Amino acid sequence: QIKREKPENIPDLKSLVQEKFAAMESKNSDSDLQKNEKYVYFKDQLKEMRKQCNGEEAIEQIDEDIAVTQSQMNFICPITQMEMKRPVRNKICGHTYEEDAILKFIQTRKQQKKKVRCPKIGCSHSDVKGSDLMPDEALKRAIDSQNKQ
């Protein structure tokens, strides 16, 4: 249209673009969004996360962190080299282990009158105690969730 017109008759391009954009935008609707595969998948993930946290804010925050990093998480115990069923977290260094394995490890070393070094490779924590361990419920839920899938 512009090529055919004389220079003095050229329309305001900015207003033409705004008109076309408004026309295209008016064709979009919420129903289009509901059909979008990525949007539906995202909504399903949010619903699943809400079910897992049972409305507790602290757990909800932990679950969100797990959801974000789940692909990077390691569910393998550094002692047994098997997937953990009852993970416990060391309050001092933050590493996790299978509960039975670490308690047995602590007991064996205690009988030898030796301290227990954290079995996670590269960790410098050299005195793991049973009192430093606490159940890691969030990790347990993440493991259970992955096993359901």
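Treat the numbers as computed from the prediction; the structure is a model and nothing was measured.
Residues Tyr97 and Thr80 are not in side-chain contact: their nearest non-hydrogen atoms beyond the backbone lie 4.5 Å or more apart. Using a 4.5 Å cut-off on side-chain heavy atoms (C-beta onward), Ile102 and Pro119 make contact. No side-chain heavy atom of Ile76 sits less than 4.5 Å from a side-chain heavy atom of Met84. Counting heavy atoms from C-beta on, the side chains of Leu133 and Ile106 come closer than 4.5 Å. In this structure, the side chains of Val128 and Asn90 come closer than 4.5 Å at one or more pairs of heavy atoms. Counting heavy atoms from C-beta on, the side chains of Glu83 and Ile143 come closer than 4.5 Å.
Residue Val40 is not grouped with residue Phe42 when hydrophobic side chains (ILVMFWY) are merged at heavy-atom distances under 4.5 angstrom, including chains of intermediate members.
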For this session: Kindly indicate, with the supporting measurements, whether the criterion side-chain contact (heavy atoms from CB on, under 4.5 Å) is fulfilled by Lys91 and Met134.
Result: CA-CA 7 Å; Lys91 291 188 272 186; Met134 53 190 257; 3.4 Å; yes
Exercise. Can Lys110 and Gln107 be said to form a side-chain contact (heavy atoms from CB on, under 4.5 Å), step by step?
Worked result: CA-CA 5 Å; Lys110 190 175 182 180; Gln107 186 178 7; 5.6 Å; no
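Between Arg117 atom CZ and Cys93 atom SG the span is 10.5 Å, to the nearest 0.5 Å. The CG atom of Asn147 sits 8.0 Å away from the NZ atom of Lys85 when rounded to the nearest 0.5 Å.
A salt bridge links Lys140 to Asp144: one of the charged nitrogens lies within less than 4.0 Å of a carboxylate oxygen.
Of the possible donor and acceptor atoms, none in the side chain of Arg86 sits under 3.5 Å from a partner among the backbone N and O of Glu99. Listed for the Glu98 side chain is no donor-acceptor partner under 3.5 Å among the backbone atoms of Ile79. A donor-acceptor pair under 3.5 Å is absent between the side-chain atoms of Ser145 and the main chain of Arg141, judged by distance alone.
Nearest heavy atoms, Gln81 versus Pro78: NE2-O, 3.1 Å. Smallest separation of non-hydrogen atoms from Cys118 and His95: SG-ND1, 3.5 Å.
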